[in-house]
Amino acid sequence: MDWLLPPPAPGSTPARALTIAGSDSGGGAGIQADMRTFALTGVHGCVAITAVTVQNSVGVTGVHTIPPETVAAQIESVVTDIGVLAAKTGMLASAEIIEAVVATCARLGIGADDTIPLVVDPVAASMHGDPLLRADALDAVREQLVPRATLVTPNLDEVRLITGIEVIDAASQRAAAHAFLDLGASWALIKGGHLRESPSSTDLLTEGTNEHEYTVERIATGHDHGGGDTLAAAITCALAHGVNMPGAVGYAKRWVTECLRAAYPLGRGHGPVSPLWRLGGA
Ligand SMILES: Nc1ncnc2c1ncn2[C@@H]1O[C@H](COP(=O)(O)OP(=O)(O)OP(=O)(O)O)[C@@H](O)[C@H]1O
Ligand SMILES: Cc1ncc(COP(=O)(O)O)c(N)n1
């Protein structure tokens with residue numbers, strides 16, 4: 001496991017990262033997935049909660065959004081005191097929360113090259129198909145959130161919602177990446193996980209000039225809840241350690257692949273991908 005990020009020395013302050021996302025009461029996605037990956041990567045995680053979801057392995061039955069000014073205050077509080085070396089967004093729920101997050105990130109130098117990298121996972125729905133973003137928030141995603149992103153990491157459903165592009169092959173995956181760059185993202189990573197009939201899963205990363213492909217043989221599992229969050233959280237950890245973007249995505253692909261292999265059943269529905277493999281159980 002010589003590819004893993006170095007752990008902090010006991011008692012020394014580790015690298016810090018911030019997740020701005022929703023809570024999943026089932027513990028497999030959202031803030032909880034991010035904190036699992038942050039902790040098991042040796043990164044201190046700070047959180048700005050955007051929404052409390054009532055969620056289990058079967059679906060989402062309730063969403064309670066946090067007032068936008070409270071979301072902004074959480075970000076401001078931790079960044080100005082603890083300091084973060086990278087940040088990520090997940091479920092942002094509404095246009096008002098997106099506006100508050102983008103304005104606060106802009107003020108604090110997060111994203112759009114003000115030096116603290118911002119990974120934007122444009123979460124729109126849960127894997128069960130339950131909405132996690134209001135339909136009238138898509139313009140705010142396109143016009144405010146994506147332009148602030150150092151990296152945007154949509155899955156294929158989010159690509160279709162945000163750009164209208166249906167990804168069916170490598171050419172349309174490339175077109176989707178360029179559509180996100182045209183919206184203003186510095187880098188785009190188009191995830192291939194949802195092309196389920198393909199024997200492998202290929203993600204495409206580009207900043208417009210160079211292309212990097214990350215291909216992993218498809219792992220047969222019904223337990224992939226939180227896979228996108230875990231990938232984006234691991235990228236954020238690597239960026240917090242100063243790894244460059246293609247290297248950070250390469251690191252995160254290895255991380256999420258191990259987490260997919262270690263995914264476990266939970267409840268009556270879909271279990272989560274699991275960073276607990278890092279604990280080395282037999
Ligand atoms: N069965 C699989 N085998 C190998 N890799 C996979 C598999 N499914 C997804 N991946 C990879 O896992 C990561 C998450 O991809 P996916 O497209 O599932 O994101 P997502 O839909 O945002 O995830 P989430 O389930 O959190 O919504 C990507 O790197 C993708 O290539
Ligand atoms: C709070 C929250 N954030 C993100 C997801 C997406 O994860 P998935 O697509 O695996 O359901 C989720 N279900 N809940």
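Read the numbers this way: they start at 1 and go in the same order the structure lists the ligands and their atoms.
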Handout entry: Test of proximity, His225 against ligand 2: N or O pairs below 3.5 Å
Key = yes
Fill in the blank from the handout: re atom 5 (C) of ligand 2, the protein heavy-atom contact at minimum distance is Leu132 CD1, 3.6 Å
Problem - Options Gly22, Gly228, Ala21, Ala93, ranked by nearest heavy atom to atom 1 (C) of ligand 2, top entry - result: Gly22
Practice task
Number the atoms of ligand 2 from 1 as they appear, then name those within less than 4.0 Å of a heavy atom of Gly226, with their elements.
Solution key: 10 (O)
Exercise for the section: Could you tell me whether the side chain of Glu99 and the main chain of Glu96 form a donor-acceptor pair under 3.5 Å? Expected result: no
Handout entry: Proximal atoms of ligand 2 relative to Ser23 (non-hydrogen, under 4.0 Å)
Key = 1 (C)
Problem - Leu260 neighbourhood, listing ligand 1 atoms whose heavy-atom distance to it stays under 4.0 Å - result: 4 (C), 5 (N), 6 (C), 7 (C), 10 (N), 12 (O)
Exercise for the section: Check ligand 1 against Asp224 and write out every atom of the ligand that is under 4.0 Å from a heavy-atom position of the residue. Expected result: 25 (O)
Exercise for the section: Kindly indicate, with the supporting measurements, whether the criterion side-chain contact (heavy atoms from CB on, under 4.5 Å) is fulfilled by His223 and Leu266. Expected result: CA-CA 8 Å; His223 306 303; Leu266 197 70; over 6 Å; no
Practice task
Using a 4.0 Å heavy-atom cut-off, say whether Val60 meets ligand 2 through its side chain, its backbone, both or neither.
Solution key: neither
Practice task
Closest by any non-hydrogen atom to atom 30 (C) of ligand 1: pick that one out of Ala263, Gly192, Ser201.
Solution key: Ser201
Exercise for the section: For residues Met35 and Gly45, report the shortest heavy-atom separation together with the two atoms involved. Expected result: CE-O, 3.4 Å
Problem - N/O separation below 3.5 Å, Ile219 to ligand 1 - result: yes
Exercise for the section: Find all atoms of ligand 1 within a distance of less than 4.0 Å from any non-hydrogen atom belonging to Lys253, and give their numbers and elements. Expected result: 11 (C), 28 (C), 29 (O), 30 (C), 31 (O)
Handout entry: Atom of Asp203, atom of Gly192 and distance for their closest heavy-atom approach
Key = OD1-N, 2.9 Å
Handout entry: N or O pair under 3.5 Å between Asp24 and ligand 2
Key = no
Problem - Closest protein heavy atom (residue, atom, distance) for atom 13 (N) of ligand 2 - result: Gln55 OE1, 2.7 Å
Problem - Contact with ligand 1 for Gly226, non-hydrogen, under 4.0 angstrom - result: yes
Handout entry: Other residues, nucleotides, ligands: >12 heavy atoms within 6.0 Å of His128 NE2
Key = yes
Exercise for the section: State if Met127 counts as touching ligand 1 under the rule of any non-hydrogen atom under 4.0 Å. Expected result: no
Exercise for the section: Give the intermediate values and the outcome of side-chain contact (heavy atoms from CB on, under 4.5 Å) for residues Asp24 and His225. Expected result: CA-CA 11 Å; Asp24 168 6; His225 186 46; 2.9 Å; yes
Fill in the blank from the handout: For Lys191, the ligand 1 atoms with a heavy-atom partner under 4.0 Å come out as 15 (O), 17 (O), 19 (O), 20 (P), 22 (O)
Practice task
Could you say whether the N/O atoms of Glu158 and ligand 1 ever approach to under 3.5 Å?
Solution key: no
Exercise for the section: Mark up the atoms of ligand 1 that fall under 4.0 Å of a heavy atom belonging to Gly227, in ascending order. Expected result: 14 (C), 23 (O), 24 (P), 25 (O), 26 (O)
Exercise for the section: Applying side-chain contact (heavy atoms from CB on, under 4.5 Å), run through Gln32 and Gln55 and close with a yes or a no. Expected result: CA-CA 12 Å; Gln32 288 78 5; Gln55 184 170 176; over 6 Å; no
Problem - Atom indices of ligand 2 within 4.0 angstrom of Ala29 heavy atoms, with elements - result: 5 (C), 7 (O), 12 (C), 13 (N)
Fill in the blank from the handout: Only residue of Thr115, Ile20, Thr104, Val79 satisfying side-chain contact (heavy atoms from CB on, under 4.5 Å) with Ile110 is Val79
Practice task
Any chance you could lay out the side chain to side chain donor-acceptor pair (under 3.5 Å) test for Glu207 and Ser186, step after step, and finish with the verdict?
Solution key: CA-CA 6 Å; Glu207 90 298 30; Ser186 304; over 6 Å; no
Fill in the blank from the handout: Near Asp229 (heavy-atom distance under 4.0 Å), the atoms of ligand 2 are 3 (N), 4 (C), 6 (C), 7 (O)
Exercise for the section: Sequence neighbours left out, what pairs pass side-chain hydrogen bond (donor to acceptor under 3.5 Å, both in side chains) with at least one residue falling in residues 265-278? Expected result: none
Fill in the blank from the handout: Counting heavy atoms under 4.0 Å, the part of Asp229 that contacts ligand 1 is both
Fill in the blank from the handout: Taking every heavy atom of Leu133 against every heavy atom of Ser94, the minimum-distance pair comes out as CD1-N, 4.3 Å
Fill in the blank from the handout: What one should report as the nearest heavy-atom pair of Thr19 and Ala21 is OG1-CB, 3.6 Å
Problem - Test of proximity, His225 against ligand 1: N or O pairs below 3.5 Å - result: no
Handout entry: Distance filter under 4.0 Å to Ser126 heavy atoms, resulting ligand 2 atoms
Key = 9 (O), 11 (O), 13 (N)
Handout entry: Contact check: Gly228 vs ligand 1, nitrogen or oxygen atoms, below 3.5 angstrom
Key = yes
Practice task
For Gly30, counting its heavy atoms only, list the atoms of ligand 2 lying under 4.0 Å from any of them.
Solution key: 1 (C), 2 (C), 3 (N), 4 (C)
Handout entry: Min N/O separation Asp203 to ligand 1 under 3.5 Å
Key = yes
Practice task
Using a strict 4.0 Å cut-off to heavy atoms of Met127, name the atoms of ligand 2 that fall inside it.
Solution key: 8 (P), 9 (O), 11 (O)
Problem - Within-shell test, Arg218 vs ligand 1, heavy atom, strictly < 4.0 Å - result: yes
Problem - Side-chain donor or acceptor of Asp169 paired with backbone N/O of Ser172 under 3.5 Å - result: yes
Exercise for the section: Begin with the C-alpha distance, continue with both residues' side-chain angles, and end with the deciding distance and a verdict on side chain to side chain donor-acceptor pair (under 3.5 Å) for Trp255 and Thr41. Expected result: CA-CA 9 Å; Trp255 180 266; Thr41 303; 4.8 Å; no
Fill in the blank from the handout: Looking only at heavy atoms, the pair that brings Ala188 and Leu181 closest together is N-CD2, 3.8 Å
Problem - Where Ala252 and Ala234 come nearest, the two heavy atoms and their spacing - result: CB-CB, 3.6 Å
